[in-house]
Amino acid sequence: MNRYLISVGIGLSLVSCDKPDSLSDRQDQQTKGEAVGNKKYAVRREVIDPLDELRTKLDVARKTKSSEEREKAFAEVAWNAIEIDSEIAHEAFANLPAESSEKLRLIQHYAMRLAEQDLEQAVQWAKELETERETAVAMGHIAIQIAEDDPQRAANMISQSNLTGVELDTAVVQVIQRWAANSESDVAGWIVLFSPGAARVAGIKVVTEPWLTRDPVAAFEWLESINDPELRIEATSAMQSVISKQTEDTREAWLSHLSSEMRNELQQELK
């Protein structure tokens with residue numbers, strides 16, 4: 001983490017660890033506290049300084065022998081300290097193992113929050129993270145955050161992020177969901193640039209249903225323009241899945257826009 005993580009709070013708050021165990025415990029404490037003048041039942045309310053509590057938890061985390069428990073302890077301090085004390089948050093984050101699940105989760109959340117406040121600062125912060133994967137994860141979530149307002153830049157970020165696997169699929173789907181509301185044709189043009197794989201299949205499925213519903217003519221024109229055999233199969237399958245859910249009248253109205261060749265191809269899939 002660099003100075004940007006410690007300079008911007010992301011709205012997390014501390015959770016008190018001093019809650020009574022049950023309703024009866026709370027009622028018992030209230031009864032005792034209300035016994036004015038009776039020292040035997042007087043309740044002494046001690047105010048705990050949040051910073052002292054965080055420092056204590058940070059010290060405990062340093063001394064924890066189990067690597068798994070130590071990681072969770074540092075992550076908890078990092079989450080809770082962000083809006084309270086930047087130095088404690090920085091130290092806790094710095095002690096998290098590179099690319100650990102807890103650190104990646106923190107990066108994802110922070111990347112989106114920082115992008116919402118200052119996009120360029122968020123991008124710079126992401127580039128300074130410890131590993132390429134951490135940077136990729138941060139850039140992917142920055143892209144998700146800006147996709148509704150600047151989908152083209154979001155798409156470029158994802159394409160250049162080196163994300164892979166589930167992380168790539170998740171980012172692609174979320175960007176497409178935000179982008180497709182404004183321009184399905186632009187989304188489709190981006191999707192065809194993807195290499196074969198789960199991200200491309202998922203992207204086609206996400207854009208197909210709203211596009212067919214809003215403008216079936218344009219959607220089918222895109223389908224008929226595809227020359228790559230594998231991509232054509234993926235797009236046909238996605239459209240067939242949407243068409244099969246429609247009423248017979250809607251289905252017939254949609255298919256009437258197709259060439260006889262493409263209509264036969266889709267009807268074959270529907271059988």
Side-chain angles (χ1 to χ4, degrees), residues 2 4-5 8 10 104-105 107-129 131-228 230-239 241-242:
N2 57 30
Y4 297 121
L5 177 59
V8 181
I10 57 176
L104 291 176
R105 196 164 61 87
I107 287 172
Q108 291 169 359
H109 192 78
Y110 180 71
M112 296 182 72
R113 294 291 183 146
L114 185 55
E116 185 178 19
Q117 299 174 45
D118 189 325
L119 175 57
E120 300 310 322
Q121 196 175 63
V123 170
Q124 184 60 38
W125 166 78
K127 291 178 179 179
E128 295 178 7
L129 287 168
T131 69
E132 289 186 3
R133 185 186 176 193
E134 289 180 359
T135 294
V137 168
M139 294 296 284
H141 280 72
I142 291 171
I144 291 170
Q145 179 61 43
I146 69 170
E148 190 170 347
D149 296 326
D150 194 349
Q152 188 64 60
R153 184 170 184 181
N156 290 338
M157 280 186 178
I158 294 229
S159 299
Q160 299 167 11
S161 68
N162 295 320
L163 279 172
T164 58
V166 175
E167 290 165 351
L168 173 62
D169 300 343
T170 300
V172 166
V173 167
Q174 293 197 46
V175 167
I176 288 175
Q177 286 174 335
R178 290 160 172 78
W179 193 2
N182 299 316
S183 179
E184 293 95 342
S185 60
D186 288 339
V187 177
W190 179 51
I191 293 172
V192 299
L193 301 177
F194 277 63
S195 300
R200 189 172 77 178
V201 172
I204 291 173
K205 288 181 179 178
V206 170
V207 76
T208 295
E209 185 163 4
W211 200 6
L212 279 173
T213 301
R214 189 184 66 82
D215 191 349
V217 175
F220 287 136
E221 286 178 350
W222 172 71
L223 176 62
E224 292 192 276
S225 72
I226 298 174
N227 295 318
D228 180 87
E230 188 174 357
L231 178 60
R232 191 180 180 95
I233 290 172
E234 292 170 2
T236 299
S237 177
M239 290 193 176
S241 178
V242 177

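- Checked by atom type, the side-chain pair Q124/E128 shows a donor-acceptor distance below 3.5 Å.
- With hydrogens and angles disregarded, no donor-acceptor distance shorter than 3.5 Å links the side chain of S161 to the backbone of A136.
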Chi angles and distances behind the side chain to side chain contact (heavy atoms under 4.5 Å, CB included) call for V192, D228: CA-CA 9 Å; V192 299; D228 180 87; over 6 Å; no
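- Side-chain contact between V137 and Q108: present, with at least one pair of heavy atoms (C-beta onward) separated by less than 4.5 Å.
- Counting only heavy atoms from C-beta outward, the side chains of K205 and R200 never approach each other to under 4.5 Å.
- A donor-acceptor contact shorter than 3.5 Å is absent between the side chain of S237 and the backbone of I233.
- Atoms CD1 and CE, on I144 and M139 in that order, are 12.5 Å from each other to the nearest 0.5 Å.
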Working note: L212 + M239, criterion side chain to side chain contact (heavy atoms under 4.5 Å, CB included); need CA distance, chi angles, decisive distance, verdict. CA-CA 8 Å; L212 279 173; M239 290 193 176; 4.1 Å; yes
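- A salt bridge is defined here as a Lys NZ or Arg NE, NH1 or NH2 lying under 4.0 Å from an Asp or Glu carboxylate O, and E167 with R133 meets this definition.
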With side chain to side chain contact (heavy atoms under 4.5 Å, CB included) as the test, would you mind laying out the steps for L119 and Q145 before giving the verdict? CA-CA 9 Å; L119 175 57; Q145 179 61 43; over 6 Å; no
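- Aromatic ring orientation, W179 versus W190: tilted (interplanar angle from 30° to 60°).
- Here the straight-line distance linking atom CD1 of I226 with atom CG of L231 works out to 4.5 Å at 0.5 Å rounding.
- In terms of heavy atoms, I142 sits closest to A122 at CD1-O, 3.5 Å.
- Closest approach of D149 to P151, counting heavy atoms only: C-CD, 3.6 Å.
- Counting all heavy atoms, side chain and backbone alike, A138 lies closest to I107 at CB-CG2, 3.7 Å.
- Contact of the Q121 side chain with the L114 side chain is registered, since non-hydrogen atoms from C-beta on lie closer than 4.5 Å.
- Taking CG of D118 as the start and CD of E120 as the end, the distance is 7.5 Å to the nearest 0.5 Å.
- No side-chain donor-acceptor contact under 3.5 Å links S185 and W211.
- Counting heavy atoms from C-beta on, the side chains of T208 and E184 never come closer than 4.5 Å.
- A distance of 6.5 Å separates NE2 of H141 from CD of Q174, quoted to the nearest 0.5 Å.
- For the residue pair L223 and A235, the shortest heavy atom distance occurs at CD1-CB, 3.6 Å.
- We find the CD1-OG distance between I204 and S241 to be 12.5 Å, quoted to the nearest 0.5 Å.
- Two residues are said to be in side-chain contact when any heavy atoms from C-beta on lie closer than 4.5 Å; V175 and M157 fail this criterion.
- When all heavy atoms are compared, the tightest approach of A180 to V207 is CB-CG2, 4.2 Å.
- When all heavy atoms are compared, the tightest approach of G140 to A171 is O-CB, 4.4 Å.
- At distances below 3.5 Å, at least one donor-acceptor pair connects side-chain atoms of S225 with backbone N or O atoms of W222.
- In this structure, the separation between CG on L163 and CG on D169 is 10.0 Å, given to the nearest 0.5 Å.
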